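Below is one structure; the comments refer to it alone.
Read the numbers this way: they start at 1 and go in the same order the structure lists the ligands and their atoms. Note that the structure is predicted; figures quoted are calculated from it, not measured.
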Amino acid sequence: MKIERVELLHVAIPLVSPFRTSFGTMTTKDTFLLRVVTDAAEGWSEFAADPEPLYCSEFVGAAELVLDQHLVPRVTPEVTAAEVQARTHAIKGHQLAKATLETAILDAELRSYGMSIGTFLGATAAKVPAGVSVGIKNSIPELLADVEGYLAEGYARIKLKIEPGWDVEPVRAVRERFGDVLLQVDANTAYTLADAEHLRRLDEFDLLLVEQPLEEDDIRGHALLAQRIRTPICLDESITSAKDAATAIALDACRVINIKPARVGGYLEARRIHDVAVAHGIPVWCGGMLETGIGRGPNLALAALPGFVLPGDVSASRRYFAEDVTEPFELKDGFMHVPTGPGIGIEPIPETLKRFTTATNVLYS
Ligand SMILES: CC(=O)N[C@@H](Cc1ccc2ccccc2c1)C(=O)O
Ligand SMILES: [Mg+2]
């Protein structure tokens with residue numbers, strides 16, 4: 001496909017409520033969308049991380065720079081989505097920035113064929129069960145009120161953010177109040193192997209999994225921890241490629257994987273990780289990074305692949321935004337419907353996008 005124009009649009013969308021994790025508190029989704037205009041169609045994507053490198057090493061300013069100076073020049077003027085990874089391989093790291101570029105090009109390509117990303121990836125479901133991620137709260141009563149609200153909305157699974165000092169008691173309180181609801185926790189790397197005995201206290205609550213308890217580069221530590229706690233370990237930040245997934249599985253460092261296309265360089269690598277996990281009998285689910293509808297739509301398509309057997313974090317738009325740059329994705333009887341339109345199956349609403357756009361940068365024309 002011939003690329004004619006690449007635009008980067010900074011957007012700032014307020015969250016309905018602060019989202020606190022072990023690595024910080026967010027009140028706004030402050031990122032950028034990428035628009036790729038080709039001779040055949042145009043494609044959209046979003047950069048999933050934040051202005052600050054707290055969840056991972058990438059951040060808005062660095063991603064804009066690496067796209068402008070190192071990635072876009074390697075894919076213009078002519079490229080296919082399948083070629084992007086090889087064309088940009090010389091640039092070390094920057095998986096989230098690379099995912100943003102590949103996805104916008106894939107969206108344009110699929111739109112030009114009139115093919116949905118679900119069909120392209122091999123989705124086998126028209127709707128997927130939705131889980132929800134609940135942040136760290138100021139008190140247990142506040143947490144229980146939030147969980148009660150989400151269960152009333154129909155969410156199929158509850159995930160609690162935890163950190164040292166906010167773990168066993170909140171989990172106990174949710175179990176005591178809501179019984180055997182599907183329940184898991186996410187530490188976002190907040191613990192060390194020295195906390196193994198403390199983390200073992202979570203075993204009494206029959207959690208589906210404990211997500212990324214240790215640091216993202218500690219595959220070996222997760223393998224050692226897995227010998228000492230019963231709750232299945234799920235990796236998120238540690239898995240940036242199919243190779244990482246193969247390594248973690250081979251070392252018994254995880255029994256579940258949270259796949260986020262943004263974290264692994266895009267949907268093509270996300271599918272490769274799905275295939276590696278399925279081949280080893282490892283269940284996967286689709287994680288989230290408070291995406292706008294531009295990221296939420298294609299994530300739902302990925303979550304519809306056969307190996308995604310656990311509810312993911314692709315919640316309804318209203319979980320995070322009172323208003324989004326796209327039409328909202330809604331929860332219906334605990335399920336989210338997979339978009340069926342061409343490409344990612346969703347696009348920004350021009351008027352709303354204009355209102356939320358804080359700056360535009362033309363990277364190529
Ligand atoms: C829904 C959920 O818990 N997501 C992530 C944490 C997260 C959440 C929001 C983010 C926003 C910008 C950059 C990184 C982010 C990571 C997780 O599973 O670990
Ligand atoms: Mg996580």
Side-chain angles (χ1 to χ4, degrees), residues 10-33 46-63 94-97 99-100 130-137 146-147 150 155 157-163 166-167 183-191 207-216 222 232-240 248 254 256-264 270 284-292 294-296 299-300 302-303 310-321 329 336:
H10 287 276
V11 294
I13 309 172
L15 298 186
V16 291
S17 60
F19 183 67
R20 186 177 150 197
T21 69
S22 64
F23 59 86
T25 300
M26 288 177 66
T27 57
T28 308
K29 182 68 184 172
D30 190 345
T31 187
F32 60 79
L33 304 184
E46 76 174 79
F47 176 69
D50 261 352
E52 293 188 270
L54 300 174
Y55 164 77
C56 65
S57 61
E58 295 188 63
F59 59 102
V60 169
H94 296 284
Q95 298 308 325
L96 280 90
T100 311
V132 65
S133 179
V134 185
I136 294 169
K137 297 290 167 184
D146 266 27
V147 172
Y150 292 133
Y155 281 102
R157 179 270 283 144
I158 297 291
K159 159 169 150 178
L160 304 181
K161 290 294 185 181
I162 61 170
E163 65 182 11
W166 180 268
D167 47 29
L183 184 61
Q184 65 194 54
V185 296
D186 186 357
N188 289 108
T189 76
Y191 295 86
L207 298 177
L208 283 170
L209 55 92
V210 52
E211 193 178 338
Q212 198 70 43
L214 310 180
E215 293 207 325
E216 67 279 7
H222 284 98
I233 289 173
C234 171
L235 291 178
D236 171 348
E237 291 90 331
S238 290
I239 308 298
T240 68
C254 64
V256 188
I257 294 176
N258 165 347
I259 299 180
K260 292 174 180 174
R263 186 190 72 223
V264 302
V284 300
W285 54 281
C286 186
M289 292 169 69
L290 280 56
E291 288 90 349
T292 73
I294 297 296
R296 201 163 294 277
N299 282 355
L300 284 171
L302 180 75
L310 289 171
D313 275 349
V314 190
S315 309
S317 304
R318 71 173 60 223
R319 164 42 190 118
Y320 296 110
F321 309 117
F329 285 93
M336 301 280 289

Exercise. Rounded to 10°, how big is the angle at the Mg ion (ligand 2) from Asp236 OD2 to Asp186 OD2?
Worked result: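 Approximately 180° at the metal, rounded to tens of degrees.
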
Exercise. Hey, which of Leu54, Thr21, Leu290 is the one that makes side chain to side chain contact (heavy atoms under 4.5 Å, CB included) with Met26?
Worked result: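 Among Leu54, Thr21, Leu290, the one that satisfies the side chain to side chain contact (heavy atoms under 4.5 Å, CB included) with Met26 is Leu290.
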
For this session: Tell me yes or no: between the side chains of Glu237 and Asn188, is some donor less than 3.5 Å from an acceptor?
Result: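 Yes.
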
Problem set entry | Heavy-atom closest pair, residues Gln184 and Leu208 |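 Closest heavy-atom pair between Gln184 and Leu208: OE1-CD1, 3.6 Å.
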
Exercise. Given the rule in the side chain to side chain contact (heavy atoms under 4.5 Å, CB included) test, do Asp50 and Phe59 qualify, once you have shown the distances and angles that lead to the verdict?
Worked result: CA-CA 5 Å; Asp50 261 352; Phe59 59 102; 5.9 Å; no

Problem set entry | Presence of salt bridge, Arg20 and Glu163, under 4.0 angstrom |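 Here Glu163 pairs with Arg20 in a salt bridge, since their nearest N and O are under 4.0 Å apart.
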
Problem set entry | Salt-bridge present (Arg157, Asp313; N to O < 4.0 Å) |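 A salt bridge is present here (some side-chain N lies under 4.0 Å from a carboxylate O).
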
For this session: Take the angle between the ring planes of Phe47 and Phe32 and call it parallel below 30°, perpendicular above 60°, tilted in between.
Result: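 Rings of Phe47 and Phe32: parallel, as their planes differ by under 30°.
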
Between ligand 1 and the protein, tabulate every N or O atom pair separated by less than 3.5 Å, reporting distance only.
{"residue": "ligand 1", "atom": "3 (O)", "partner": "Ser133", "partner atom": "OG", "Å": "3.0"}
{"residue": "ligand 1", "atom": "3 (O)", "partner": "Lys161", "partner atom": "NZ", "Å": "2.8"}
{"residue": "ligand 1", "atom": "4 (N)", "partner": "Gly288", "partner atom": "O", "Å": "2.7"}
{"residue": "ligand 1", "atom": "18 (O)", "partner": "Lys159", "partner atom": "NZ", "Å": "2.8"}
{"residue": "ligand 1", "atom": "18 (O)", "partner": "Asp186", "partner atom": "OD2", "Å": "3.2"}
{"residue": "ligand 1", "atom": "18 (O)", "partner": "Glu211", "partner atom": "OE2", "Å": "3.3"}
{"residue": "ligand 1", "atom": "18 (O)", "partner": "Asp236", "partner atom": "OD2", "Å": "3.3"}
{"residue": "ligand 1", "atom": "18 (O)", "partner": "Lys260", "partner atom": "NZ", "Å": "3.2"}
{"residue": "ligand 1", "atom": "19 (O)", "partner": "Lys161", "partner atom": "NZ", "Å": "3.1"}
{"residue": "ligand 1", "atom": "19 (O)", "partner": "Asp186", "partner atom": "OD2", "Å": "2.9"}
{"residue": "ligand 1", "atom": "19 (O)", "partner": "Asn188", "partner atom": "ND2", "Å": "2.7"}
{"residue": "ligand 1", "atom": "19 (O)", "partner": "Asp236", "partner atom": "OD2", "Å": "3.1"}
{"residue": "ligand 1", "atom": "19 (O)", "partner": "Lys260", "partner atom": "NZ", "Å": "3.4"}

For this session: Give the atom name of whichever N/O/S atom in Glu211 sits closest to the Mg ion (ligand 2).
Result: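 Checking each N, O and S atom of Glu211, the shortest distance to the Mg ion (ligand 2) belongs to OE2.
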
